[in-house]
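Working notes, structure below.
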Amino acid sequence: MNRPDARALIHAVLDDGSWRSWDVPPDDPAEPGSSYAEELVAARLKSGSDESVLTGEGLLDGRRVAVVASEFAFLAGSIGVAAAERVTSALERATRERLPLLTAPASGGTRMQEGARAFVQMVKITAAVQEHRAAGLPHLVYLRHPTTGGVFASWGSLGHVTAAEPGALIGFLGPRVFESLHGYPFPEGVQVAENLYTHGLLDAVVSAADARKVAVRALNVLCADTSALGTTEPPEEDLRPVEAWEAITRSRRDDRPGVRTLLKLAATDVTPLNGSGEGEHEPGLLLALARFGAAPAVVLGQDRRRQRTVSPLGPAGLRVARRGMRLAADLGLPLVTVIDTAGAALSKAAEEGGLAAEIARCMADLVTLEAPTVCLLLGEGAGGAALALLPADRVLCAQHAWLSPLPPEGASAILYRSVDFAPEIAQAQGVRATDLRRDGIVDRVVPERPDAAYEPRAFSERVGRALEHEIRALLAQDPAERASARRERYRRL
């Protein structure tokens with residue numbers, strides 16, 4: 001496979017002619033006449049670079065960005081003291097100048113010729129990455145073949161969005177080192193980009209050409225200027241009265257638009273993210289960056305169809321959700337949660353995986369999140385899985401969506417030892433959109449005319465406009481006042 005070197009990658013990703021290097025000649029770390037000095041000379045001749053990393057800036061679709069890219073041809077992209085100083089200086093400059101950061105590691109890790117001094121440089125680099133993150137600036141990582149060792153275990157794993165080259169070797173301990181130490185080969189197929197994606201450790205596996213498109217879409221959301229957003233006119237409501245059981249029946253239709261349809265029809269610059277970043281992935285919980293009109297958002301959406309066909313929502317899905325909450329908090333982005341679930345997983349694995357604790361942590365994170373939050377009740381809203389994503393500054397509800405501590409059949413079984421009374425129980429419990437608004441749980445009801453399943457595009461666009469209106473209004477509020485109002489909202493309940 002033909003893989004671009006650092007310069008080719010930079011020119012493939014950035015706008016033509018926009019690259020400007022920040023590099024200055026490095027201090028030579030080797031004793032004159034030593035074998036290491038000879039290796040450095042040979043590495044410079046082979047790679048055409050003076051060190052194992054290139055740093056600088058350029059334009060990405062007209063947006064100024066900072067770039068750090070490894071050059072693997074220079075001593076396997078290894079990081080010594082001089083390379084680490086170059087990386088750290090670039091990260092610090094990106095933070096000072098408030099630039100989004102693109103990093104593209106390809107490295108065997110620490111430079112063995114420099115030993116412990118080189119090894120601890122990863123701490124310095126990590127601290128600089130975290131300072132950039134603490135400044136509320138986005139960091140996109142593109143892992144290239146191969147990325148291992150301390151580079152993968154530091155700046156290679158600290159992106160807000162992380163993609164990788166197809167087929168790239170990515171792992172903590174390189175397979176050659178593992179086999180030398182243990183006498184047998186590392187299992188095949190584990191340290192491969194596609195396997196890491198399957199386990200929720202990567203957001204995408206894309207070629208260098210497609211990496212540009214992913215980065216442009218992501219930064220259109222992550223760097224959106226919200227200071228200039230004004231408010232919009234509130235959407236109108238025109239609701240036909242509906243009984244609770246009719247609403248519940250309609251919410252369960254297979255052809256009812258879900259969160260993926262909503263993003264497809266009502267959002268732009270959609271960038272799907274994948275997994276918790278901690279080795280877990282659950283298809284029933286969608287995490288994405290998107291814009292509704294001009295309003296950017298991190299979107300957490302329960303995918304009802306995949307919960308039915310693959311598995312119910314479990315603790316891993318809620319840990320994916322909490323990754324999205326952290327992303328919104330880090331970058332000050334509005335957060336949109338979408339509730340559409342028949343209920344959480346009821347299983348041994350879910351109990352042992354900490355389902356109840358994850359529900360509690362999601363609620364705690366949402367109640368205290370500094371970013372603006374909007375919740376959308378899109379369809380079914382049963383049990384703790386729904387409650388986990390409910391706390392928000394503003395709560396919208398589709399006309400036929402509902403919220404209940406259990407599916408009505410379950411409540412009927414508890415009260416009457418039979419599911420036959422589910423319609424009456426639903427009516428009595430006040431689970432409908434209009435009931436929820438009356439009780440102060442919901443702020444706005446989005447009409448269905450007469451049913452979302454009959455008008456998926458018009459309904460999705462209506463929801464998208466309502467979300468944009470609410471996000472714009474929240475961004476116009478003082479953050480402290482917004483946080484106080486959220487606490488008071490749930491205290492009043």
Side-chain angles (χ1 to χ4, degrees), residues 239-259 261 282-285 301-318 321 337-351 353 355-356 358-360 362-363 375-390 395-439 441-442 445-446 448 450-454 493:
L239 304 176
R240 179 182 68 85
V242 60
E243 294 296 311
W245 188 246
E246 180 186 350
I248 289 167
T249 302
R250 288 175 180 266
S251 76
R252 291 170 170 173
R253 290 179 57 132
D254 288 339
D255 56 351
R256 181 178 178 83
V259 63
T261 302
E282 194 163 293
L285 196 291
Q302 293 169 341
D303 188 334
R304 176 171 47 94
R305 290 192 184 90
R306 296 198 180 190
Q307 287 180 41
R308 285 179 174 175
T309 58
V310 182
S311 65
L313 188 68
L318 296 176
T337 65
V338 181
I339 295 174
D340 195 3
T341 179
L346 302 175
S347 66
K348 177 177 182 289
E351 294 291 345
L355 176 63
E358 287 302 328
I359 292 172
C362 280
M363 286 192 291
C375 173
L376 168 66
L377 276 161
L378 185 59
E380 295 183 273
L387 195 63
L389 299 190
L390 180 67
V395 180
L396 309 183
C397 188
Q399 185 177 353
H400 299 141
W402 51 278
L403 181 71
S404 174
L406 279 177
E409 295 87 345
S412 177
I414 288 175
L415 293 174
Y416 298 107
R417 298 182 182 273
S418 167
V419 299
D420 296 341
F421 297 94
E424 292 83 357
I425 292 291
Q427 192 70 24
Q429 284 189 324
V431 304
R432 296 177 301 175
T434 49
D435 298 327
L436 298 171
R437 182 174 58 181
R438 176 200 66 206
D439 293 337
I441 298 168
V442 160
V445 178
V446 181
E448 302 184 35
D451 188 304
Y454 300 154
L493 285 176

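Since the structure is predicted, the reported quantities are computational estimates derived from the model, not experimental observations. In what follows, residues are counted from 1 in the order of the sequence shown.
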*Roughly how far, to the nearest 0.5 Å, is CG of D451 from CD of E246?*
8.5 Å
*Assess whether atom CG of L415 is packed by more than 12 heavy atoms of other residues, nucleotides or ligands within 6.0 Å.*
yes
*Run the side-chain contact (heavy atoms from CB on, under 4.5 Å) check on L389 and V338 step by step: do they pass?*
CA-CA 7 Å; L389 299 190; V338 181; over 6 Å; no
*Look up atom CG in L403 and atom CD in Q429, then write down how far apart they are to the nearest 0.5 Å.*
10.0 Å
*Please name all residues satisfying salt bridge (Lys or Arg N to Asp or Glu O under 4.0 Å) with D303, sequence neighbours left out, ordered by chain then number.*
R260, R306
*Can you list the steps and then say if Q399 with R432 is a side-chain contact (heavy atoms from CB on, under 4.5 Å)?*
CA-CA 8 Å; Q399 185 177 353; R432 296 177 301 175; over 6 Å; no
*Answer yes or no: are there more than 12 heavy-atom neighbours, outside D254 itself, under 6.0 Å from its atom CG?*
no
*L436 side chain near V395 side chain, heavy-atom distance below 4.5 Å*: no
*Closest approach of S347 and A350, non-hydrogen atoms and distance?*
OG-N, 3.0 Å
*Under 3.5 Å, side chain of S412 to main-chain N/O of P408, donor-acceptor pair present?*
no
*Between CG of L313 and CG of L355, what distance do you get to the nearest 0.5 Å?*
8.0 Å
*Write down the atom of A344, the atom of A385, and the distance for their closest heavy-atom approach.*
N-CB, 3.6 Å
*Shortest non-hydrogen contact from A342 to A382?*
O-CB, 3.4 Å
*For A452 and P257, which heavy atoms make the closest approach, and how far apart are they?*
O-CD, 3.5 Å
_Shortest non-hydrogen contact between A398 and A433, atoms and distance_ = O-CB, 3.6 Å
*asked:* For a side-chain contact (heavy atoms from CB on, under 4.5 Å) check, start with the C-alpha distance between T341 and E380, then their side-chain angles and the critical distance, and finish with the verdict.
replied: CA-CA 5 Å; T341 179; E380 295 183 273; 5.8 Å; no
*Does a side-chain heavy-atom distance below 4.5 Å link I359 with L318?*
yes
*Can you see which heavy atom on I339 is nearest to which on G381, and at what distance?*
CG2-CA, 3.9 Å
_From SG (C375) to CD1 (I441), nearest 0.5 Å_ = 11.0 Å
*CG/L378 to CD/Q302 distance, rounded to the nearest 0.5 angstrom?*
10.0 Å
*R252 with E409: basic N within carboxylate O range, under 4.0 Å*: yes
*Is it the case that S311 and E282 place a side-chain donor and acceptor less than 3.5 Å from each other?*
no
*asked:* So, applying side-chain hydrogen bond (donor to acceptor under 3.5 Å, both in side chains) with E448, which one of R250, R256, R240 is it?
replied: R256
*asked:* How long is the straight-line distance from OG of S251 back to CD1 of I248, given to the nearest 0.5 Å?
replied: 6.5 Å
